[in-house]
Amino acid sequence: MALPHHKPGERIDVQPLGADLSQHRTHALFKSSHLEVMRLVLKQGASLPTHKVPGEMTLQCIEGKMDVTTQSGSHVLAAGQMLYLLGGVEHGVVALEDASALVTIALRPD
């Protein structure tokens, strides 16, 4: 069952999942015409293959550690660190530890 998106004005908890991390999956928190925010959850060793999104994005590590690779190299993010990427930049993600992150994507209107 898909998790419902949050509504405007609704509080969203993005605290570390801690011991419950293994019980959670990646899911979109909300999506509007110009912005999408997701909680990325990866167990140690899990990865997202190289891909790109048309709009600018940020990836903010909430807990654990992950390696984000781009054409410019490897960017290891630990809890409390964030990476900003321009739209169209190919990137892949590998969890070096069980990890969760907040992903924000600026969507381009059609």
Under 4.5 Å side-chain heavy-atom separation, chaining through any Ile, Leu, Val, Met, Phe, Trp or Tyr, what else clusters with [X]? Say none if it is isolated.
X      : value
Leu102 : Ile12, Val14, Leu29, Phe30, Leu35, Val37, Ile62
Leu96  : Val76
Val41  : Leu17, Leu21

Contact between [X] and [Y] at the side-chain level, heavy atoms closer than 4.5 Å - yes or no?
X      : Y     : result
Leu107 : Lys31 : yes
Met82  : Cys61 : no
Glu97  : Glu63 : no

Specify the closest pair of heavy atoms between [X] and [Y], including all atoms of both residues, with the distance to one decimal.
X     : Y     : answer
Met38 : Ala28 : CG-CA, 3.8 Å
Ala99 : Met66 : CB-CE, 3.5 Å
Arg39 : Pro16 : NH2-CA, 3.9 Å

Considering residues at least two apart in sequence or located in another chain, which fulfil the side chain to side chain contact (heavy atoms under 4.5 Å, CB included) criterion with [X]?
X     : answer
Ala78 : Lys65, Gln81
Lys52 : Glu90
Glu10 : His6, Lys7

For Ser32, is there any backbone N or O sitting under 3.5 Å from a side-chain donor or acceptor partner on His34?
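No; zero donor-acceptor contacts below 3.5 Å.
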Can any side-chain N or O of Thr70 pair as donor or acceptor with the backbone N or O of Ser72 at less than 3.5 Å?
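Flag set: sc Thr70 to bb Ser72 pair under 3.5 Å.
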Roughly how far, to the nearest 0.5 Å, is the OG atom of Ser100 from the CD atom of Gln15?
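Going from CD on Gln15 over to OG on Ser100, the span is 10.5 Å.
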Test of understanding: with side-chain hydrogen bond (donor to acceptor under 3.5 Å, both in side chains), list the residues that count as partners of [X], not counting sequence neighbours.
X     : result
Gln44 : none
His24 : none
Thr58 : none
Gln60 : none

Co-membership, hydrophobic cluster, residues Leu83 and Leu42, 4.5 Å side-chain
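In one cluster: yes.
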Which residue pairs satisfy the ring pair (Phe, Tyr, Trp, His ring centres under 6.0 Å) criterion with at least one member in residues 65-87, sequence neighbours excluded?
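Passing the test, one end in residues 65-87: no pairs.
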